[in-house]
Amino acid sequence: MARRPAFQILYLLLTGLLAVFYRAEAQVQPIRPQGVTRAVVVGISEYQDPRVGHLRYAHRDAALFVRMLEAGALGQVAPENIQLLTNSDATEARFRTMLDWLRLQSRAGDQVILYFSGHGDVGRTVSRPEYLLLHDATDQSYSLGGAIKLRDLQEEITTLSSEIGARVIVILDACRAGKLGDARIDDEGALGREGLQRQATNEIKLLSCKPDQFSQEGPQWNGGQGVFTHYLIKGLTGMADHNRDDVVTASELRRYLHDAINEDLAPLRQHPVITAKEEDQAIAFIDPAAPSLAGMTEKPPVNLLLSTHAKSRKEEALIARVDSSHLDNYRLFFKALREKAFSEPANDCADHYFRLLLEESALSDIHPFLRREYAIALQEDAQQMMRQLILMEGEELNKPGEKRIREYTLYIPRLDKAMEVLGARHALTRELETRKLLFRGILGYLESRGQKGPEHYGAIAPILQEVLARDPENRLALFYLMEAACSRTQPVMVDTARYYFQTVTGLYPDWLMPFTFFGECLSKEADHREEAWQVLHAGHQCDSANAFHAKAMANYHYRIRDFHAAIEGYQNALHLDPEDHILLSNLGYAWLALRQPAEAEKALRQSLVMEDRQVPAHLGLCKLYVESGRLTEGEPHCRKVMELHPRRQEPYRILVDHYLDNGHWAQAQPLVEEMEKQVIPGGYWPAYYRFFMAALQEQWEPALALLQQAVAAGLNDRKMLKDKQQLSVCLARPEFRQFLDLHFQTE
C-alpha cells in the first residue's frame with residue numbers, strides 16, 4: 001500500500017493554522033447557497049523539481065473532486081466556474097491568477113471552494129513561513145516562486161469571506177514526503193502563527209489528518225485515491241448524512257470521516273480535522289439523484305482543464321457569436337502565447353492580438369480570462385530561469401555571458417507587461433516588481449564582467465539591496481551581492497563577500513551555490529586559499545554529486561599547481577556530467593600544465609565537438625599548436641578566438657610571440673596594429689611589441705622611445721625582456737641598461 005507521509009510538522013503547518021472551533025448555543029438553520037459557486041481545484045502528483053518528491057494520486061483526487069462538484073453536493077456549479085489545475089498546469093502564476101479570478105468574480109452570498117491536494121512545507125529561514133507547493137516549486141526556495149505562503153492564502157480567504165461576503169470552503173490534503181519531510185524545526189510551538197488561523201463565520205476548513213499519522217493513498221480506494229478525499233467525497237454525497245435530513249453538517253462530516261477512515265485503515269490511525277464557527281454548520285446538501293462515487297471516473301471534463309491551449313464552454317459559446325475575424329484573432333493570440341511571440345513582430349504578436357480582442361465589446365465577458373492567460377504566459381519563463389539559477393544547473397551557468405544577457409533582458413519588459421495587464425492593485429504586482437529588480441541586478445552583474453573596481457560593485461549593489469529591502473531572505477539577491485563583491489572589485493572585497501556568504505548560508509545551509517562561488521572567489525586569492533578549501537569542502541558535504549561544485553574543487557587544485565589532483569578532479573566531475581564542455585577544456589589545460597600535449601589535445605578537441613563556439617578550448621589549441629611549431633593547425637584556432645571574443649588579447653600575443661621569436665616581424669606587424677587599435681588601445685603590449693620589432697631591425701632610438709612608452713603604459717616586469725634572446729644585444733647597450741636600471745630594481 002502506497003502512503004503519503006504526513007509528518008508532525010505538516011500538521012503544525014496546517015492544523016496549527018486553523019482557529020479553535022466554537023460551538024453555537026443555537027442551532028443553525030441550514031440554508032442552501034443562493035449565489036454563484038466557484039471552485040479552484042488543484043491536484044499535483046508530479047513536481048518539476050524531483051527533490052520535492054512525487055505523489056501518486058493527488059491529480060486524480062482533484063479530478064474526482066470536480067466530478068463531485070458537478071453532482072451539486074456543494075451547490076450547483078456551472079462548468080465554466082470550475083478551474084481544475086493538475087500537475088504541470090498548477091504553476092504558482094496560474095494558481096495566483098485563479099485566486100484573482102475568485103476575488104474579482106465573487107459577490108456577497110456567493111460560495112468559493114478551494115481544494116488543494118499536493119505538498120506543503122515550512123521554509124528553512126528564521127521566520128519559518130508555511131507554504132503550499134505548486135508544480136514549479138524548487139526545493140527549499142519557496143520565497144522565489146513556485147509556492148504560496150499560507151499567510152497570503154489566508155489574506156485571499158479573508159477578502160472573500162469578510163470583505164466580499166462569500167462563503168469559503170477550504171480543503172487541504174497536503175502532505176510532505178521524502179527529503180522535504182525532514183524540516184528540522186526545533187520550536188514547533190512557533191509554527192502556524194501566521195497561516196490560516198483566522199476563522200470567520202462563513203469559513204469552513206478541512207484537513208486530512210493529525211501530525212503523528214500518515215495520510216494514506218493507494219489503488220484500493222476507487223482504483224487509486226487518497227483515503228481522505230475518497231471518504232470526503234462519499235460523505236459529501238450522502239454517506240455522512242447521519243440524521244437523513246439531506247444536509248451534511250460539520251459535526252456529521254467529522255464523525256463520518258473519523259469512523260470510516262479509521263475502520264478502513266485499522267490498525268493504522270488517521271484523524272481528519274474539520275473546523276467551522278458552528279458545529280451544526282451545513283457543508284453539503286444531498287441531491288438523491290446525484291451520481292454515486294462509483295459512477296465517477298478519473299477523466300475530468302475536457303473544458304475544465306484550462307491552459308493557454310484550451311478554453312471553457314463559456315468562452316467557446318461567446319466566440320461562436322462573433323464574426324470569423326475575431327475568432328481568428330482569438331486563435332492567433334493563443335498561438336502567439338504558445339510560441340512566446342509576445343511583442344514581435346509588431347502586427348503578429350500576442351500583444352497585438354490582445355489589444356484587438358480587448359477592443360471588442362462583444363468579448364467583454366472573456367476579457368478577464370484573456371488577461372489571466374496573458375499575464376501567466378509573461379511570467380512563467382522568468383520563474384523557470386530563477387529555478388535554474390537556484391538549482392545551479394551547469395547548462396545555464398556555463399552559457400556565454402552574452403547569451404545570458406540577451407535572455408535575461410527579455411524578462412524585464414515581460415514582467416512590466418504582466419504588471420500592466422494585471423493592474424497596479426493586483427496582489428502579484430509587488431512580487432513581480434521585486435523579480436524585475438532582481439533581474440536588473442543580475443543583468444548588471446553580467447554586463448560588468450571583465451570590469452574591475454569598487455565602482456562596478458557600487459553600481460550593482462543598490463539594486464540588489466532594494467530587493468532585500470522588499471524580501472530580506474531573497475537568496476539570489478544575497479548570492480549576487482556576494483559574487484559581485486568577489487569578482488567586480490580589485491582587490492576582492494573579501495569581508496563584504498564573506499558577510500553575504502555567511503548570511504545566505506545561515507538562511508539556506510543546504511544551498512550549494514554560495515559555497516561553490518565563494519570558494520572559487522577565495523581560491524583566486526593566494527592569501528585566502530586555506531579558507532577557500534574549507535568553504536569548498538563544506539559545500540562538498542552538502543552535495544557530493546554536483547558536477548559544478550566538483551569542477552570548482554578541481555579548479556582550486558589547478559590554482560595551487562597540484563595538476564595531478566586537478567586532473568583527477570576534472571575527471572570525477574566529468575563522470576557526474578559528461579556533457580559539460582567546459583570541464584573538458586579545463587582538463588585540457590591541466591594536461592598542458594603537465595606538458596602532456598597529446599592528452600591535452602584530446603580533451604580540448606572533445607570539448608569543441610560538444611560546443612564549437614567556446615573560447616577556452618580554441619585558445620588552448622591555439623597555444624598548444626603554435627608553441628609546438630604547428631602554426632598551420634594553430635592559427636585557425638587563434639583566429640576563431642579573435643572572432644568570438646574580439647577584445648581577447650591572448651591569441652594576438654601567442655601569434656605575435658611566435659612570429660617575433662622566429663624573426664618574422666613583417667607577419668607580426670599587422671597583428672600588433674590590430675591590437676593597438678581594437679583590442680587593448682593604450683595598453684603596454686602593443687608598445688612592447690613595436691619596441692621588439694624596432695630592436696630586431698637595430699633601430700635603437702625608436703626602440704628606446706617605444707620601450708619608454710611601454711613602461712609608461714604599465715610594463716613593470718624586466719624579466720619579460722630578459723626572456724627574449726633576441727633582445728640581448730639591445731639590452732647590452734648603455735642607454736637601455738640605464739633606462740631599465742632607473743625604472744626596475746637591478747637584478
Side-chain angles (χ1 to χ4, degrees), residues 17 33-44 62 65-66 68-70 74-86 89-118 132 134-135 147-174 195-196 198-206 283 300 303-307 311-315 364-376 379 418 421-423 425-429 431:
L17 312 174
Q34 299 300 307
V36 177
T37 297
R38 297 176 184 86
V40 173
V41 180
V42 179
I44 310 170
F65 188 83
V66 166
M68 184 210 69
L69 291 178
E70 290 187 316
L74 296 177
Q76 294 300 317
V77 193
E80 62 267 21
N81 287 330
I82 301 174
Q83 306 286 353
L84 172 62
L85 306 178
T86 59
D89 276 340
T91 62
E92 181 208 2
R94 189 166 293 279
F95 180 62
R96 285 184 180 273
T97 52
M98 291 304 104
L99 294 177
D100 182 54
W101 167 73
L102 289 174
R103 180 165 32 83
L104 292 174
Q105 297 294 317
S106 296
R107 300 291 183 268
D110 287 352
Q111 179 173 244
V112 169
I113 300 166
L114 284 171
Y115 174 93
F116 181 92
S117 181
L132 295 180
L134 283 306
H135 172 75
I148 184 169
K149 286 183 181 178
L150 288 181
R151 181 176 60 191
D152 294 343
L153 183 61
Q154 178 61 62
E155 291 297 326
E156 296 285 350
I157 294 168
T158 299
T159 298
L160 289 163
S161 64
S162 298
E163 296 183 21
I164 295 175
R167 166 173 137 133
V168 183
I169 300 176
V170 182
I171 302 167
L172 300 178
D173 190 358
L196 304 178
R198 283 171 285 177
Q199 184 76 30
T201 300
N202 49 350
E203 293 177 14
I204 300 169
K205 296 167 185 173
L206 298 90
I283 297 179
N303 65 292
L304 298 178
L305 202 53
L306 292 180
S307 70
K311 51 191 177 289
S312 72
R313 291 175 190 165
K314 184 175 181 180
E315 279 84 50
S364 60
D365 286 352
I366 65 166
H367 286 168
F369 168 73
L370 298 175
R371 290 182 183 278
R372 291 197 305 271
E373 295 302 309
Y374 194 15
I376 289 167
Q379 298 172 53
V421 169
L422 292 171
R425 301 184 65 181
H426 193 278
L428 264 178
T429 297
E431 184 175 335

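From a predicted model like this one, the values you see are computed outputs, not experimental measurements.
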Review point. Distance only, no hydrogens: is a donor on one side chain within 3.5 Å (strictly under) of an acceptor on the other, for Thr159 and Glu155?
Key: no
Exercise for review: Identify the two heavy atoms, one from Ser106 and one from Ile164, that lie closest to each other, and give their separation to 0.1 Å.
Suggested key: O-CG2, 3.5 Å
Check your understanding: Does any N or O in the side chain of Thr97 come within less than 3.5 Å of the main-chain N or O of Glu373, such that one atom is a donor and the other an acceptor?
Key -> no
Practice item. Taking the side chain as every heavy atom from C-beta outward, state whether Ile169 and Leu206 have any pair of such atoms under 4.5 Å apart. Key: yes
Revision key, fill the gap. Output for pair (Phe116 CZ, Ile171 CD1), nearest 0.5 Å, gives 13.0 Å
Exercise for review: Taking side chain to side chain contact (heavy atoms under 4.5 Å, CB included) as the test, write out the residues that go with Val40, two or more places apart.
Suggested key: Val42, Gln83, Phe95, Met98, Trp101, Leu102, Leu114
Point to revise | Shortest non-hydrogen separation from Leu134 to Ala147 and the atoms involved | key: CD2-CA, 4.0 Å
Study note, to complete from the structure: In this structure, CG of Leu99 is separated from CG of Asp152 (nearest 0.5 Å) by 10.0 Å
**Study point:** Beyond-backbone contact of Leu422 with Gln379, side-chain heavy atoms, under 4.5 angstrom
**Key:** yes
**Study point:** Side-chain donor/acceptor of Asp110 to backbone N/O of Val36, under 3.5 Å
**Key:** yes
**Study point:** Qualifying residues under side chain to side chain contact (heavy atoms under 4.5 Å, CB included), relative to Ala62, sequence neighbours excluded
**Key:** Val41, Leu84, Thr86, Tyr115
**Study point:** Inter-residue atom distance Arg372.CZ - Arg94.CZ, 0.5 Å rounding
**Key:** 9.0 Å
Check your understanding: Would Glu92 and Glu431 satisfy side-chain contact (heavy atoms from CB on, under 4.5 Å), going step by step from the backbone distance to the final call?
Key -> CA-CA 12 Å; Glu92 181 208 2; Glu431 184 175 335; 3.1 Å; yes
Exercise for review: Before giving the answer on side-chain contact (heavy atoms from CB on, under 4.5 Å), spell out for Leu132 and Leu172 the whole-Å C-alpha distance, their side-chain angles and the decisive distance to 0.1 Å.
Suggested key: CA-CA 9 Å; Leu132 295 180; Leu172 300 178; 3.9 Å; yes
Study note, to complete from the structure: dist Thr158:OG1 -> Glu203:CD (nearest 0.5 Å) comes out at 5.5 Å
Review point. Could you give the distance from CD (Glu70) to CD1 (Ile82), rounded to the nearest 0.5 Å?
Key: 5.0 Å
Review point. If you measure from OG1 on Thr37 to CG on Asn81, what distance do you get to the nearest 0.5 Å?
Key: 8.5 Å
Review point. Taking only residues two or more places apart in sequence or in another chain, which ones pass salt bridge (Lys or Arg N to Asp or Glu O under 4.0 Å) with Arg103?
Key: Asp100, Glu156
Check your understanding: With distance as the sole test, does Asn202 use its side chain to make a donor-acceptor pair with the main-chain N or O of Ser161 at under 3.5 Å?
Key -> yes
